[in-house]
Amino acid sequence: MNVGILGTGDVGRALGTGFIALGHTVKIGARDANNEKALAWAREKGANASAGTFRDAAAFGEIVILATRGAANESAITMGGAENFRGKVLIDTTNPLDASGGMPPRLAVSGTDSGGERVQRLLPEAQVVKAFNTVGNALMFRPELPGGPPDMFICGDHDEAKRKVAAILKDFGWGVIDLGGIECSRYLEAMCMVWVLSAMRANTWHQAFKLLRR
Ligand SMILES: NC(=O)c1ccc[n+]([C@@H]2O[C@H](COP(=O)([O-])OP(=O)(O)OC[C@H]3O[C@@H](n4cnc5c(N)ncnc54)[C@H](OP(=O)(O)O)[C@@H]3O)[C@@H](O)[C@H]2O)c1
């Protein structure tokens, strides 16, 4: 499968590396086609990896990943070109964090709206699924933890898209818990803050959520 990734940060590269390891073909996109981080990543990953602009990555992907700074989502999507997302599954990994006041950051959007809903409103013809936003990039692919595979919480308005993303998450080594429509991003983005605050107090980023049931 061709995977287009908008974002050259730790998340974009970690997910890209995971997709490559699973045999997919990945194009990672930046604002500038000559982004050094993206070019170096593609060189290191070999023939199934390439780099380009946000537009190149969105056009390339049969499935597209949004892994940009939360406050930059709208700008990155505009650069990607709405027509390049039409009819596609878009995995939104982002959090609307504002770190201008230092750490911990605060949620710049919360309550009756969320970053995930904004992305879906910007791209009404894409099928947005919120996922990967409640764990650090180091554990996104095949997390190994003493308590067994952790759970990824997802949400979105499109059931078939969520089924596709759940299959990807299983390949990435996760249990999957679907919370419902894209408005549940309000809670998943707040959950990112639970992850950050508990990590800061425990002084480790090596942690993930698991829901225990019987
Ligand atoms: N870091 C984590 O472990 C983690 C975990 C879960 C979720 N998240 C969320 O995932 C997203 C990506 O995080 P990250 O740490 O990988 O990277 P990041 O530093 O938050 O974002 C890097 C990406 O944002 C783009 N960007 C920055 N300013 C921009 C602007 N004004 N216009 C357009 N694009 C802009 C950069 O473009 P260029 O490539 O052109 O520089 C780059 O591709 C964030 O929303 C974050 O909250 C992060």
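Nothing here was measured: the structure is a model prediction, and the numbers come from that model. As the structure lists them, so they are numbered: ligands from 1, and atoms in each ligand from 1.
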For atom 12 (C) of ligand 1, the closest protein heavy atom turns out to be A67 O, 3.4 Å
Answer yes or no: is there an ion pair linking E189 with K130, defined by an N-O contact shorter than 4.0 Å?
yes
Looking at R69, E74, E36, E189, the heavy atom closest to atom 21 (O) of ligand 1 belongs to R69
For G136, the atoms of ligand 1 under 4.0 Å from one of its heavy atoms are 3 (O)
* Does W205 have a heavy atom less than 4.0 Å from any atom of ligand 1? -> no
Could you tell me whether the side chains of N133 and T93 share a donor-acceptor contact shorter than 3.5 Å? no
In ligand 1, the atoms that come under 4.0 Å of a heavy atom of N137 are 1 (N), 2 (C), 3 (O)
Quick note on ligand 1: atoms under 4.0 Å from a heavy atom of V135 include exactly 5 (C), 6 (C)
Self-check item: Heavy atom of R13, distance to ligand 1 below 4.0 Å
Solution: no
Closest to atom 31 (N) of ligand 1 among protein heavy atoms sits R31 NH1, 3.6 Å
Original post:
Has K37 got any heavy atom lying under 4.0 angstrom from an atom of ligand 1?
Top reply: no
for atom 35 (C) of ligand 1, nearest protein heavy atom and its distance come out as A72 CB, 3.4 Å
Point to revise | Minimum side-chain heavy-atom gap L6-I65 below 4.5 Å | key: no
Side chain to side chain contact (heavy atoms under 4.5 Å, CB included) test vs W41 passes for just one of T17, N35, T8, namely T17
Quick note on ligand 1: atoms under 4.0 Å from a heavy atom of T93 include exactly 7 (C), 8 (N), 9 (C), 10 (O)
Under 4.0 Å from one or more heavy atoms of G9, ligand 1 contributes atoms 16 (O), 17 (O)
To atom 23 (C) of ligand 1, the nearest of I5, T68, L66, L139 on a heavy-atom basis is T68
Atom 4 (C) of ligand 1 has as its nearest protein heavy atom V11 CG2, 3.3 Å
ask   = Is the number of heavy atoms from other residues, nucleotides or ligands under 6.0 Å of E83 CD greater than 12?
value = yes
Ligand 1 to S75, heavy atom cutoff 4.0 Å, flagged ligand atoms 32 (N), 33 (C)
A student checking ligand 1 against M79 at a 4.0 Å heavy-atom cut-off should list atoms 32 (N), 33 (C)
Would you find a donor on one side and an acceptor on the other, under 3.5 Å apart, between the side chain of D92 and the backbone of V128?
no
Atom 19 (O) of ligand 1 touched by protein (heavy atom, under 4.0 Å) = no
task = State, without any angle test, whether S50 and K27 hold a side-chain donor-acceptor pair at a distance under 3.5 Å.
result = yes
Taking only non-hydrogen atoms of A30 and a 4.0 Å limit, the atoms of ligand 1 in range are 39 (O), 40 (O)
